[in-house]
Every structure is written in structure tokens, then in C-alpha cells.
Amino acid sequence: MIPFAGSPLNRVSEKRIDSNWIESKWRDPSSLVLPLRRLEPFILGSEKSAPPLQLGLINARLVDSFASAEVPRIFLGLDGDTAVFAIDVPEAGEQQLAGLGYFRDARMAASMVSLKDAAIIAQAKALIDWHERHGFCPRCGAPTKLVDAGYRRLCGKCNAEHFPRVDPVVIMLATEGEACLVGRGKHFPPGMFSALAGFVEPGETIEEAVRRELFEEASVKIGEVTYYATQPWPFPSSLMIGCFAKAENRDIKPDDIEIAEVRWVERKVARELIEGKQVDGLRVPPPIAIAHHLIKTWALGGK
Ligand SMILES: [Zn+2]
């Protein structure tokens with residue numbers, strides 16, 4: 001399973017427009033809420049606890065004192081019959097939760113909780129982040145308000161509707177015979193190499209984006225493109241679309257704008273890299289990233 005995928009929650013999206021149902025679920029004593037403070041999810045217990053960490057899904061009554069109408073509150077879905085919400089904790093609320101747990105950077109937290117809890121973090125963080133950045137209408141500039149339990153914003157002046165955005169990104173492992181292509185972005189830590197990636201542009205298919213990005217970043221010509229899997233990536237709102245791409249030859253050259261270095265890696269070396277080893281000063285991303293799973297699937301002969 002790829003981290004951030006596989007949420008245990010039933011989104012019951014048809015219920016979001018029923019504000020009475022949403023309010024009754026919020027008032028239900030069994031309902032749970034995941035607090036986020038500055039986009040960091042709440043974790044139960046002490047910062048000294050060893051992983052796996054326990055995601056801070058707490059009784060909704062524990063946030064009553066600061067859950068005013070102005071505080072973004074989002075319905076995430078049902079876990080069985082239990083409603084699960086997320087709330088953007090204001091400064092005043094932070095102190096009140098202090099005895100129960102702590103807030104932790106979302107990427108770090110996601111790699112230390114269960115896969116199911118990581119998927120809940122992905123949904124909650126991406127939505128709250130979107131609300132924080134869309135307080136004003138891009139059409140007329142007037143304030144917008146949260147409706148449909150957090151899945152729509154409505155402009156109070158021109159009535160324009162705005163929906164949470166998901167930005168498609170292609171991330172692809174080019175292969176040629178027994179080698180795969182990895183690159184080092186200019187902002188990467190030293191030695192870190194990954195599958196190349198880039199945003200899908202308007203009017204472009206996934207396959208076209210894969211070919212364009214690989215040619216732009218590594219000057220490599222691509223034939224067949226095949227789909228692997230997708231991963232929600234809430235930093236802030238991407239959907240990573242993992243693909244394999246067959247290169248026509250091994251001629252490569254980094255663009256020197258985004259990519260500092262590109263390299264072909266033989267399959268047997270790739271197998272060592274996905275075990276977390278460093279080979280010739282080179283390492284690849286950990287399992288939280290879909291790039292790891294692309295490299296692993298190919299290295300173990302799945303593609
Ligand atoms: Zn407007």
C-alpha cells in the first residue's frame with residue numbers, strides 16, 4: 001500500500017449538502033475530530049513516544065470551546081457509524097489540547113502513524129490548506145464562505161462557487177533494458193536521487209506530460225508509457241500519477257534548471273537502494289514517496 005492512499009473513511013459525499021445531518025453528527029457524543037494547527041495534525045500522547053504514533057482523533061466535545069462558526073470545520077467521513085471531522089485549531093485552542101498530545105509536521109507524522117491514519121491526514125491537511133488559501137473570490141475579490149461541510153466555498157458577492165483543488169503531477173520511472181533513470185533536483189539533499197516528476201499542463205494527457213517532462217528534464221526520448229498507481233500528496237494538493245516510461249536510448253542530459261544530475265541505475269543497484277542502502281553516494285526516497293514504490297516495483301521485476 002502506498003502512503004496517503006487507502007482511507008478507511010466512507011466519505012458519504014451525498015450527505016455533505018444536508019447541513020442538519022452534518023450538524024447532528026457534529027453534536028453526536030460519539031463523533032471524532034482531528035485537530036490541525038498550522039496544518040500540523042494532532043498526535044496523542046507524548047513527543048517521546050516511539051512509532052507507531054497514535055493519530056489524535058479525539059472526542060468532538062473537546063474542541064467545543066474554540067469551535068466557533070469562523071473556525072473551518074470539515075466532515076471527513078464515517079468510520080462505521082462514527083463521524084470523523086477535521087478542525088483548523090486557532091491559537092486559543094492550542095493550549096487547551098496541550099495535555100492530550102502535540103502537533104507534528106504532516107509529512108513526518110504520516111510516516112510514523114498507520115497507513116490508514118496517514119490517509120486521513122492527507123484528506124484533512126489538503127482540505128484545510130485549501131480553505132486557508134481561498135478566503136477570497138478569485139473572480140471578484142470578495143470574501144468567500146465555507147459550505148457543504150468543507151467541500152465548496154461560495155462567494156458572498158458574485159455567488160461564484162469554488163471547489164477544493166487537486167493538482168495532477170506525473171512522476172515517472174524511465175527504463176531502458178536493465179537500467180532505470182533517476183535524477184537529482186537542485187533543491188534535493190546531497191546524494192538524493194528520485195524518479196523525475198512535473199505538473200500536468202492544461203490540454204495535455206498524462207502520457208504527453210510524461211514524455212514532455214522526461215525530455216525537458218533529462219533530454220531522453222520516450223516510447224511506451226504505462227500507468228502504475230496514484231498517490232494523494234497533500235503538499236499542498238497534488239495527486240501523484242506514477243508511470244513507467246520506456247526510453248528509446250540511454251542518451252541523457254540534465255536541464256540544469258530544475259535537475260542538477262541524471263543517472264542510469266542498474267537493476268541490481270536499484271534493489272540495494274530501495275533497502276535504504278547508499279550506493280556510490282546515491283540514495284532514493286523512503287517508502288512515504290511513490291517514487292520509492294516505482295523504483296521498488298521495477299527493481300523487483302514487476303515491470
Ligand atoms: Zn465573487
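Values below: every heavy atom of this structure, side chains too, minus hydrogens, waters and symmetry copies. What you see is a predicted model; the values in this text were computed from it and never measured. Counting from 1, the numbers follow the sequence of the chain as shown. Both counts, for ligands and for their atoms, begin at 1 and track the order of listing.
Applying the ring pair (Phe, Tyr, Trp, His ring centres under 6.0 Å) definition to pairs two or more places apart or across chains, none involves residues 182-212. For the salt bridge (Lys or Arg N to Asp or Glu O under 4.0 Å) condition, the pairs that include at least one residue of residues 57-74, sequence neighbours left out, are E23-R73, R27-D64, R61-D64.
For the atom pair CZ of F244 and CE of M172, the computed distance is 13.0 Å after rounding to the nearest 0.5 Å. To the nearest 0.5 Å, the span separating CD1 on I121 from OG on S111 amounts to 9.0 Å.
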Under 3.5 Å, which donor-acceptor pairs link side chains of residues 139-148 to any protein atom two or more places apart or in another chain?
| residue | atom | partner | partner atom | Å |
| --- | --- | --- | --- | --- |
| T144 | OG1 | H134 | O | 2.7 |
| T144 | OG1 | G135 | O | 3.2 |
| T144 | OG1 | R153 | NE | 2.8 |
| D148 | OD1 | R152 | NH2 | 3.4 |
| D148 | OD2 | R152 | NE | 2.7 |
| D148 | OD2 | R152 | NH2 | 3.4 |

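Within the 4.5 Å cutoff, side-chain heavy atoms of I87 are placed close to those of V71.
The number of protein N, O or S atoms lying under 2.8 Å from the Zn ion (ligand 1) is 4.
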